[in-house]
Amino acid sequence: MAKLQNGNELIFRVAIAVPVYRLFDYLAPEQFESAHIKPGIRLEVPFGKAKKIAFLVECVQHSDVAIGKLKRVERILDEKPLLSTKDLALLHWASRYYHHPLGEVFSAAFPVALRQGKSVVIQAEKRYALTGAGKAIDSELLKRTPKQKSVLEKFQAHQHSLSEAELSAWNENWRTSVKQLVDRQLLQLAASSEFGASASESIIRNTALQCNPQQQAAITAVCDSLGQFGVFLLEGVTGSGKTEVYMQIIRTVLERGQQVLVLLPEITLTPQLEERFRQRFTVSIAISHSKLTDRQRACAWLTMQRGECSILLGTRSALFTPLKNPGLIILDEEHDASFKQQEGFRFSARDVAVVRGKLLNIPVLLGSATPALESLHNVDNKRYRLLHLPERAGNATAPVLQLLDIRNKRMQEGLSEALVAEMRLTLARNEQVLLFLNRRGFAPTLICHGCGWVARCRRCDANLVIHYDEGTLRCHHCGQEQRLIKHCPACKTGELTPLGLGTERVEKVLAELFAGKTIVRLDRDSTQRKGALENYLQQINQGSVDIILGTQMLAKGHHFPNVTLVAILDVDSGLFSIDFHAPEKLAQMIVQVSGRAGRAEKPGRVIMQTRQPEHPLLTTLIRQGYNSFAKTALAERKDASLPPFSYQALLRAHALDAEMPKLFLHAVAELAQEHSKGHTHILGPVAAPMARRAGLYRYQLLFQSSKRPELHALLNVLMPKIEKLKQAKKVRWSLDVDPVDLY
Ligand code: ADP
Ligand code: ZN
Ligand code: ZN
């Protein structure tokens, strides 16, 4: 029935994933079951010359477009919406709050396979398990086939079946070895009853730890509020047992027959947490992150939607996964910048999670050792409730932080003699050392000693980074690469010298200074191969590594029990950024890296090399801790009327043409002046801190207001007008609400 009783055509108003703000009207399909027509269902519609997937927003009787011009919906893909009414409301909210086209927001909520219109009948993944023989065999007997041996050991350590997705997440090249082990009758396809815990089975596999009183208080607070909305900030120093708290709360949620969504900042952290969860819980756990295939992600999404899985572990993009019986949302390392999407639909997974919790009427638990200033501010405002774990759990003690003044000290590739001596003492006790340097490559600059020529990227306002291992010069901003040159192209005679430090360079000097010791470098270059990071982490935990050197990759969550000395080689480079977020990020980084020291029985030390030993950020952090730092930093933000004491939105524009972005933003600024009632400051346009990147000229315009509603009211008026500006067609532009990175 396509026609209404009065003979009019019924019109489907739909959202389509294209970067425009409006919705689109279509005629109802020739044939349909009206009971199926609910907001949120997926449709296939003709769009330009192609077909696109659309999401039904509403059915209306009137369109502003003449009926004769409307095209017809071709196909209805879903019998009922895959998202609940509340989750649909969440998407509408997010589209309004981030001023982002609804179609793109919808699209972000669905896994790629479903976005492309694939059917929702997705075959369950295969799972594998040990046979009786596989359980009994000593893995050493497979030592001639190391790949099979390692797969077998993985299964033996788990003691339960593993899905294709879990195996892929662990090691991309599992298939051949698994097949060989099946042929040898050490592995078998797991019975499907293994998938998911049966009702009679208990939820818990291992007994929980005996919690300390602070942990217990946190658990009780959250458990008491299950079934209603509330935001909890679990502030616990690294190693204070936050994960244990999560697990005990999750247990209660599972016992209520509800599901839990757990979000993590990094893909690399999922395997460890997954492992701990699997050791604790017998229920089925779904995993979702960008390294999985489209099919695997769709599968995880649908099993949660149908209530076939109880726990979802995922990264930012998993936030919108529908839950049949939602019980709790946990965001671990809530301060982490990767919870903010930095392109396209630029949402903050933390902030949207809070709104989702409110709509679903369930608690949201945010955990961190170094909470974001916004979150602490929300505690001060009584919007979030603080749960505090001030001490390390078990017998571990907090590491001792110390500044090492390197002014006028002899340095060898970034290492002071005092630090080298400390490293030797640590290694002599058979303990591990971790060195942190947040710059990969050999050196960030190649300069001519004769004429001062510097190797610059042709497409960016940036220097090329030397990568000796590969013999290349590489731009870290656009990826451009060229052969490492030997002679200065400007004066032809001068000697080219590397300037500054990168991890590759430090690795080389470590190999000389600590001959015979095993050194592992962990950065984006050394861990590119899939499974490489996991292998390194395994080596480190087995104790076969003496010195670990790495970038921010090290700062996150990893547990290195035998590391007792941590050194931050160049803390000063973080002290002079122009972004007002920089001190917060630096303090978080220092505390997180420090948290890698002395996590087990042995006490840990942290040495920071600095030429700024009196710098207030460093001294506050060391003498009084992160919380005092945060209080000071919040006071400074307040004085300067910066977020969270004001609200910002950043409009970015770029183009090949040097002038166009500026002209466009000038036009926007003019419009904004016209419509702003004086409450919103319009700052700029100014060139972006990196004014040219990948050949594009970049400008930005900042809106700032002391009142959030004022800012959004202005943006509501502006966005449709901006779209229509004639310059808008000649630039790429995007709006970033609550930007965390002003670059
Ligand atoms: P976080 O997540 O805060 O870094 P974890 O939950 O990983 O901390 O705990 C750190 C270590 O302390 C782990 O090895 C964990 O098993 C142990 N632990 C946690 N809670 C307790 C407890 N109540 N008693 C003894 N050990 C504990
Ligand atoms: Zn030269
Ligand atoms: Zn470049």
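Basis for what follows: all heavy atoms, side chains included, without hydrogens, waters or symmetry-related copies. Source: prediction; values computed, not measured. Each ligand, and each atom within it, is numbered from 1 in the order the structure gives.
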Could Arg439 and Asp570 be called an ion pair, given the rule that one side-chain N must be under 4.0 Å from one carboxylate O? yes
Short N-O contact, Glu659 and Lys662, less than 4.0 angstrom: yes
With heavy atoms and a 4.0 Å threshold, my read on which part of Cys211 contacts ligand 1 is backbone
Below 2.8 Å, any N, O or S contact between Cys448 and the Zn ion (ligand 2)? yes
Less than 4.0 Å between a side-chain N and a carboxylate O, is that true for Arg693 and Asp461? no
Counting only nitrogen or oxygen atoms and a 3.5 angstrom limit, does Thr238 reach ligand 1? no
One residue to check: Arg276. Relative to ligand 1, which of side chain, backbone, both or neither has a non-hydrogen atom less than 4.0 Å away? side chain
Looking at Glu235 and Lys242, is any side-chain nitrogen of the basic one under 4.0 Å from a carboxylate oxygen of the acidic one? no
Cys488 SG and Cys491 SG subtending at the Zn ion (ligand 2) (10° steps): 110°
So is Arg392 touching ligand 1 or not, going by heavy atoms under 4.0 Å? no
Can you figure out which of Thr243, Leu209, Leu273, Leu389 has its heavy atom closest to atom 18 (N) of ligand 1? Leu209
Going by an N to O cut-off under 4.0 Å, is there a salt bridge joining Asp741 and Arg346? no
Test your reading of the structure: does Gly236 have an N or O sitting under 3.5 Å from an N or O of ligand 1? no
Do Gln214 and Pro390 have side chains that approach each other closer than 4.5 Å (heavy atoms only, starting at C-beta)? yes
